[in-house]
Amino acid sequence: MIGRRLFLASTAALYAAAPSLAKAFTSSIGGTREYTLSIGEIGVNFTGSPSRALAVNGQIPGPALRFVDGEDVVIHVTNNLDVMSSIHWHGLLVPPEMDGVPGISFDGIPPGETFTYRFPIRQAGTYWYHSHSAYQEQQGVYGPLIIEPRKADPAPFDREHTIILSDWLDTDPADVHANLKSMSDYYNYAQRTLGDFLDFASDEGLNLATNERLAWGNMRMTPTDLSDVSGYTFLMNGQTNDRPWFGEISPGERVRLRFINAGAMSYFDIRIPGPRMTVVEADGQAVRPVPVDEFRIAVAETYDVIVEPQDDKAYQIIAEALDRSGFSIGQLGGLQGAPMILPSPRPRSFLSMDDMGGDHGNMNHGGMPAEIQIDHAAMGHSMPMATEMDHAAMGHASPMEMAAPAITRDNEHVPPVDAPGGARVLTYQDLVALEPNDDLRVPDKELTMTLGGNMERYIWTLNGDKFSEATPIYLDYGQRVRITYVNETMMNHPMHLHGMFVELENGQPPETRPRKHIVNVGPGRRYSVTFTADEAGEWAFHCHLLYHMASGMMSKVVVSRVNAELSQ
Ligand SMILES: *[C@@H]1O[C@H](CO)[C@@H](O)[C@H](O)[C@H]1NC(C)=O
Ligand SMILES: CC(=O)N[C@H]1CO[C@H](CO)[C@@H](O)[C@@H]1O
Ligand SMILES: [Cu+2]
């Protein structure tokens, strides 16, 4: 067993373990690893009707790029489109001019031209890359990027698979965005009105306070606004459920699964009925192992888990969209193509005011998270469809499937719950950095970022401004900074600061706060992060929901050794 573990015995063994990289791999000479990528258009058929997509080296996802910590990187990216393009290395610590954001890092890659990225690798873990131009990420320009540590991996494994999830629409994303702007609930198929919700709440005896009703009204949103774009086909490693992705394993192996959410707008709840998953890495950073039955992956996050399936059979990897509009299914082990029973959708959850942080205890009866409770209520009364589906599930799903209860809730500031059925769901509070943080200074600069929006007009803002109108945020080099996100909307926003990791204030002592590149800020919540502004340059700072970013939810952070006074 030990002999087969990928302890980084040699880079040759490492690269042999990932066959798909042959295509992009050029050479590694004297500690420099070189890749050649090209962005072009391809034909696809994800939905049963042919459509056009954009791809890296002719494939979706693009080729897996693999590096070893400490290597120098040279990546030539050729743009074969007739519009500007770019590649951003998501989660990588790079010089600002190599970060790949047009208008901030560089001018972009013009049609027919090649841009060569050069930077040293100074980290390890699971990351990814994607276009930062227009809607190209939604159209297929993304791929995994894996960096092996120089020393033994803190979470050793016998075999690994990278699982990159994404969401696909045949509709041109520019049309999707135009539709969102003209009628924001166009894509919200399960639309309910505020009135419906209040009727439902009163039928259920939920005692909504007057100010709570006002809050719903002020947000101009309905309780089912879980996601604003729906109708997606979900992909796992570029494959649909008709021909699910297959990962080979042998019973008893320690298998590392590197999950990447490359979706433009979709969050997924991930479970593997059978073996318990142990989370060992979040956003590329090693964490103290956390055993879970399920975890939610926000847009652009990555999580590595270890599973040790004991039986020689087919296991299902189930990634269920947060809005319950569909799944992406994969197969782990067994005979490839073994017939699978598809899971039944779990009930859609209402957003409750409890999800919005703050003390709304009057909705919480019986000590259960309110959302779960509302789910049960919904199954009984006002969601006959869901009830039917659930009875169907009870009748036909495999015992494994039944083991996973319908639990949906936000992933922060909620105590870890052993949900009905004993399922354990990962929360941000469970994340503990394996390597201690070295800067323990108290922040000397405090920023509040208000996440705002108007769903009726589909405008999304940071501190009330659209990107085009926003003043950059100026930080002193070396400064300790706290950002408090205040979410005044009913949507999740996966906030992404380029260039630096931030430490989540998740209840851990400062030394062991987890470092992340994405911070999911739940509907109506407040969440603080701390970081050291130790990467000089101009950095993009935005919500990673593609249509939110494209609608203005973006800003620029400037870290410099001078000019701290400009920030006021
Ligand atoms: C697209 O896929 C569907 C279903 O798999 C198939 O019936 C159809 O022929 C395909 N179309 C093309 C043009 O390949
Ligand atoms: C809609 C809503 O509840 N928004 C809240 C967001 O968070 C801030 C600060 O906690 C509250 O003041 C808002 O009311
Ligand atoms: Cu957003």
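Order of appearance sets the numbers: ligands from 1, and atoms from 1 within every ligand. Side chains are part of it too, since the values below use all heavy atoms of this structure and drop only hydrogens, waters and symmetry mates.
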Return the orientation label for the [X] and [Y] ring planes: parallel under 30°, perpendicular over 60°, tilted otherwise.
X: His90; Y: His130; answer: tilted
X: His544; Y: Trp128; answer: tilted
X: Phe501; Y: His517; answer: tilted

Polar contacts were defined as any N/O atom of the residue lying under 3.5 Å from an N/O atom of the ligand; does this apply to Ser49 and ligand 1?
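N/O-N/O distance under 3.5 Å: no.
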Please say whether more than 12 non-hydrogen atoms of neighbouring residues, nucleotides or ligands are located less than 6.0 Å from CG in Leu335.
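Incorrect, the count does not exceed 12.
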N/O/S atom name from His548 that is nearest to the position of the Cu ion (ligand 3)
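When I compare the N, O and S atoms of His548, ND1 is nearest to the Cu ion (ligand 3).
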Quick one, Lys516 with Glu301, criterion salt bridge (Lys or Arg N to Asp or Glu O under 4.0 Å). Give me CA distance, side-chain angles, the key distance, then yes/no.
CA-CA 9 Å; Lys516 289 188 93 266; Glu301 285 186 322; 2.7 Å; yes
Which residue and atom name correspond to the protein heavy atom nearest atom 4 (C) of ligand 1, and how close is it?
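For this ligand atom, the closest protein heavy atom is Gly48 CA, 4.0 Å.
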Sub-3.5 Å donor-acceptor pair from the side chain of Ser131 to the main-chain atoms of Ser133, do we have one?
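The answer is yes, because a donor-acceptor pair under 3.5 Å joins these two groups.
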Pro50 heavy atoms, cut-off 4.0 Å: which ligand 1 atoms fall inside?
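Every atom of ligand 1 under 4.0 Å from some heavy atom of Pro50: 13 (C).
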With the threshold set strictly below 4.0 angstrom, can you tell me whether any protein non-hydrogen atom sits that near [atom]?
atom: atom 14 (O) of ligand 1; answer: yes
atom: atom 11 (N) of ligand 1; answer: yes
atom: atom 2 (O) of ligand 1; answer: yes

Once rounded to 10°, what is the value of the angle centred on the Cu ion (ligand 3) between His493 ND1 and Cys543 SG?
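Taking the Cu ion (ligand 3) as the apex, I get 130° for this pair.
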Which is closest to atom 8 (C) of ligand 1 in terms of heavy atoms, Thr240, Val44, Asn45, Thr47?
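Among Thr240, Val44, Asn45, Thr47, the closest heavy atom to atom 8 (C) of ligand 1 comes from Asn45.
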Evaluation steps, ring-ring contact (aromatic ring centres under 6.0 Å, His included), between Phe268 and Phe259
CA-CA 11 Å; Phe268 296 96; Phe259 286 95; 10.0 Å; no
